[in-house]
*Asks:* 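Sharing a structure here in structure tokens format.
Letters A, B, ... mirror the listed sequences (proteins, then strands); counts begin at 1. Side chains are part of it too, since the values below use all heavy atoms of this structure and drop only hydrogens, waters and symmetry mates.
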Protein chains: 2
Amino acid sequence: MRQASITDVAKKAGVSIGTVSNVLNHPTRVRPATVKKVQKAILELGFVRNDAARQLKAGNSTTVGLILPDASNPFFAEVSKGAEDSANEHDYSVIIGNSSENNDRESRYIQLFHEQRVGGVLISPVRGVAERVAELRQMGISSVVVDREADPTLCCSVSMDDVAGGRLAGRHLIDIGCKHIAFVGGGPEIQQTVDRLEGLRRELGEHPEVTLSVYETEEMNVLAGRSIGEKLGELETKERPDGVFAANDLIGVGVMQGLLFENNVKIPQEIAIIGYDDIDFARSTIVPMSSVRQPAHLLGSSAVELLLSELTDDEHVHRQITFQPELVVRASSSK
Amino acid sequence: MRQASITDVAKKAGVSIGTVSNVLNHPTRVRPATVKKVQKAILELGFVRNDAARQLKAGNSTTVGLILPDASNPFFAEVSKGAEDSANEHDYSVIIGNSSENNDRESRYIQLFHEQRVGGVLISPVRGVAERVAELRQMGISSVVVDREADPTLCCSVSMDDVAGGRLAGRHLIDIGCKHIAFVGGGPEIQQTVDRLEGLRRELGEHPEVTLSVYETEEMNVLAGRSIGEKLGELETKERPDGVFAANDLIGVGVMQGLLFENNVKIPQEIAIIGYDDIDFARSTIVPMSSVRQPAHLLGSSAVELLLSELTDDEHVHRQITFQPELVVRASSSK
DNA sequence: TCCTAAAATTGAATCGTTTCAATTCTAGGC
DNA sequence: GCCTAGAATTGAAACGATTCAATTTTAGGA
């Protein structure tokens with residue numbers, strides 16, 4: 001089925017194609033009566049502009065590519081919503097590619113987005129940030145790194161201050177009177193986890209009366225957390241922690257299950273728990289769990305703002321923005 | 001930064017632009033030595049084809065638009081992965097729009113995708129299926145309805161057989177010896193829930209010795225389920241159900257929490273539980289929960305296959321495909 | 001009515017690629 | 001060397017929209 005073109009509209013309205021284009025793009029240059037005539041013709045023909053033609057001539061794209069490592073992760077779902085909302089406000093649209101943590105797939109989306117001449121790419125690289133940024137720059141593609149830090153002489157990036165998140169959790173556990181705090185989850189190969197533990201350590205550094213135990217896990221899931229929770233619950237009461245800071249919510253949920261179900265530990269009375277990420281899961285646990293929340297929506301929208309600034313402002317200077325998390329206190333740490 | 005064009009490549013390789021195009025699109029028409037020359041020039045110039053130009057001349061798009069009602073729903077995340085995998089195999093790509101259950105936003109994405117002349121649209125409409133399908137047809141856009149049924153004289157659709165899902169759950173509960181089954185969740189305004197209950201009723205119809213109680217909820221979340229779980233746990237033992245079929249996993253998790261935590265009911269010994277959707281949540285409950293699984297990935301990939309068939313096969317006949325769910329048995333219903 | 005300046009409109013040229021008829025090149029046979 | 005047929009290459013035309021210099025129209029003043 002052939003779509004109506006701008007030439008058809010011009011013919012039907014009895015004007016030139018340049019006038020139709022002006023009605024579409026610069027309506028103030030056209031007399032109101034002519035505008036009406038053209039709009040009537042557009043309606044009757046069901047004309048919808050061909051963006052390929054527009055882009056080819058105009059040379060500028062109104063789309064931004066977003067490459068996510070894991071679309072089913074609620075965090076990234078929220079990042080993409082933030083990006084879309086912000087883009088929409090600027091008459092840009094976001095097209096999403098899902099790398100599924102696969103480096104080759106990520107490369108493929110970069111190529112595809114480049115063919116489509118997207119205005120820029122928002123990316124949370126599967127592998128090395130520096131390498132990807134260098135590649136994108138070499139291709140002449142503007143980019144913003146999401147949820148990771150990048151060298152601000154090369155491009156913008158938006159990320160979370162996980163050290164601050166760790167401090168928030170630590171401070172809260174101390175405020176509610178915890179003397180023996182356990183950190184559960186991950187290991188040294190996950191930078192975000194390392195940062196969260198670092199924040200906790202810094203906070204405890206000002207409280208020499210408070211002790212810290214660290215329990216690493218190979219996985220960052222509920223099962224891994226439950227296993228540690230069982231162990232903690234089996235400790236003699238005076239050896240148990242009275243506060244647990246979990247590296248993420250899944251770990252936190254698992255710890256809670258291990259404590260509650262296997263050991264009948266009272267939460268938060270005997271052991272308080274704080275998770276990280278504030279996914280829906282946290283809210284829906286048997287004892288609603290406190291969690292450090294990352295403003296994912298804001299991360300997405302800020303990434304778009306930075307990218308659009310780079311595209312439109314000749315004086316644009318790259319920035320590295322780090323967002324502060326907030327603590328959402330729920331039953332698991334209320335005492 | 002100006003990107004290299006096909007004219008630049010032709011000049012550098014010392015051939016015509018038609019030859020460069022043939023190297024890109026019909027390499028067998030070109031002598032190997034010439035192919036090599038052109039490819040060398042492409043590499044040196046970092047040439048990446050401009051898809052807007054290609055699409056404008058060639059007239060066919062290699063992208064498919066996917067409009068999701070809720071990107072953070074794991075089900076749709078999996079649908080989109082299936083769609084992407086299938087599209088990739090056919091050298092198509094999927095661009096995703098997120099309507100966030102907003103009808104206007106859905107309209108906006110349809111308009112945007114139409115401007116981009118996508119090959120077709122995969123859509124799970126926020127409102128009326130028939131209305132959307134009619135609109136898309138009027139616009140000359142091929143479409144496939146996802147996770148809903150559509151009139152197969154108008155377009156293809158892929159959906160789940162929720163009645164069969166309800167039968168699966170019912171049969172399993174009967175097989176493990178349940179005599180009093182409770183259905184928990186939703187109400188008559190949610191067709192999928194109605195179908196699941198219908199399936200359960202059909203299965204029980206062949207077992208007059210088994211009784212059924214229905215508990216509706218206003219919301220389909222964990223809290224709503226927990227409230228019902230508490231009520232069920234408070235019933236006299238001989239009035240309690242011995243099997244619960246939850247309308248979705250969140251309800252199921254909530255029922256489990258209400259039974260376990262408030263009433264110390266033994267699961268599955270006293271009451272067995274089956275959820276629906278098999279989200280990660282189900283697997284990670286205190287007693288891993290059985291659940292009816294929908295092949296979301298297959299739904300996505302089949303939708304793409306149907307759409308591409310429509311685009312490439314002159315003899316294409318629209319189909320309505322309904323997928324059979326499967327039951328994943330876990331601890332919550334193993335006895 | 002004529003003149004002038006501003007408003008409004010026009011349409012050729014352009015964007016980068018694909019297509020395909022026309023042309024050129026090549027290799028084998030005589 | 002000439003001829004022929006098939007292989008290989010060429011490049012004008014076209015796709016649909018935007019742009020902007022050239023042209024036309026309009027309205028107000030004398």
*Asks:* Select from Thr19(A) and Ala58(A) the residue whose nearest nucleotide in DNA chain C is closer to the 5' end of that strand.
*Replies:* Thr19(A)
*Asks:* Look at all strands and tell whether Val20(A) reaches a base, only sugar-phosphate, or nothing, counting heavy atoms closer than 4.0 Å.
*Replies:* nothing
*Asks:* Which of these nucleotides, dG11(D), dA17(D), dT9(D), is closest to any side-chain atom of Ile17(B)?
*Replies:* dG11(D)
*Asks:* In terms of heavy-atom contacts, does CZ of Arg148(B) have more than 12 from other residues, nucleotides or ligands at under 6.0 Å?
*Replies:* yes
*Asks:* Please determine whether a side-chain nitrogen or oxygen atom of Arg117(B) lies at a distance below 4.0 Å from atom OP1 or OP2 of dG16(D).
*Replies:* no
*Asks:* Taking the minimum atom-to-atom distance to the side chain of Ile6(A), which one of dT18(C), dA17(D), dT19(D) wins?
*Replies:* dA17(D)
*Asks:* Quick check on dG16(C): is either OP1 or OP2 less than 4.0 Å from any side-chain nitrogen or oxygen of Ser5(B)?
*Replies:* no
*Asks:* Please work out if Gly18(A) contacts a base, only the sugar-phosphate, or nothing of the nucleic acid, heavy-atom cut-off 4.0 Å.
*Replies:* base
*Asks:* Take Gln294(A) and Asp277(A) through the test side-chain hydrogen bond (donor to acceptor under 3.5 Å, both in side chains) and record every step on the way to the result.
*Replies:* CA-CA 6 Å; Gln294(A) 314 188 47; Asp277(A) 287 333; 2.5 Å; yes
*Asks:* Both Asn22(B) and Ala52(B) contact DNA chain C. Which one's nearest nucleotide lies toward the 5' end?
*Replies:* Ala52(B)
*Asks:* Does a side-chain N or O from Arg31(B) land closer than 4.0 Å to OP1 or OP2 of dC25(C), or not?
*Replies:* no
*Asks:* Counting only side-chain heavy atoms from C-beta out, which of dT19(D), dG16(C), dT9(C) sits nearest to Lys57(B)?
*Replies:* dG16(C)
*Asks:* Take the protein atom CZ of Arg54(B) and the nucleotide atom C1' of dC15(C), then report the distance between them rounded to whole Å.
*Replies:* 16 Å
*Asks:* Between Asp85(B) and His297(B), do the side chains contain an N or O donor and an N or O acceptor separated by less than 3.5 Å?
*Replies:* yes
*Asks:* Could you grab the distance from atom CD1 of Ile6(B) to atom CD1 of Ile42(B), nearest 0.5 Å is fine?
*Replies:* 8.0 Å
*Asks:* Once you round it to whole Å, what is the distance between C1' of dT19(C) and CG of Leu24(B)?
*Replies:* 14 Å
*Asks:* What is the distance, to the nearest angstrom, from the CZ atom on Arg49(A) to the P atom on dC15(C)?
*Replies:* 20 Å
*Asks:* Can you tell me if Glu189(B) has over 12 outside heavy atoms packed within less than 6.0 Å of its CD?
*Replies:* yes
*Asks:* Just N and O in the side chain of His26(B): are any of them under 4.0 Å from OP1 or OP2 of dT19(C)?
*Replies:* yes
*Asks:* Can you measure Asp8(B) atom CG to dG16(C) atom P for me and round it to whole angstrom units?
*Replies:* 8 Å
*Asks:* Separation of Gln55(B) atom CD from dT17(C) atom C1', in whole Å?
*Replies:* 12 Å
*Asks:* So, is Asn50(B) close to the dT17(C) phosphate, meaning a side-chain N or O under 4.0 Å from OP1 or OP2?
*Replies:* no
*Asks:* Please determine, for the side chain of Ala53(B), which listed nucleotide (dT10(C), dT17(C), dG16(D)) has the closest atom?
*Replies:* dT17(C)
*Asks:* With nearest nucleotides of DNA chain D determined for Arg29(A) and Ala4(A) from heavy-atom distances, which residue corresponds to the more 5′ nucleotide?
*Replies:* Ala4(A)
*Asks:* Tell me: CZ of Phe47(A) to P of dG16(D), nearest whole Å?
*Replies:* 10 Å
*Asks:* For a quick test of reading the model: is some side-chain N or O of Thr34(B) closer than 4.0 Å to OP1 or OP2 of dT9(D)?
*Replies:* yes
*Asks:* Nearest whole Å is fine: how far is dT10(D) P from Lys11(B) NZ?
*Replies:* 14 Å
*Asks:* Which residue in the set Glu101(B), Arg127(B), Arg132(B) passes side-chain contact (heavy atoms from CB on, under 4.5 Å) when paired with Glu106(B)?
*Replies:* Arg132(B)
*Asks:* Nearest to the Leu56(B) side chain among dT19(D), dC15(D), dC15(C), which nucleotide is it?
*Replies:* dC15(D)
*Asks:* With sugar-phosphate meaning primed atoms plus P, OP1 and OP2, does Asp51(B) contact a base, only sugar-phosphate, or nothing at under 4.0 Å between heavy atoms?
*Replies:* nothing
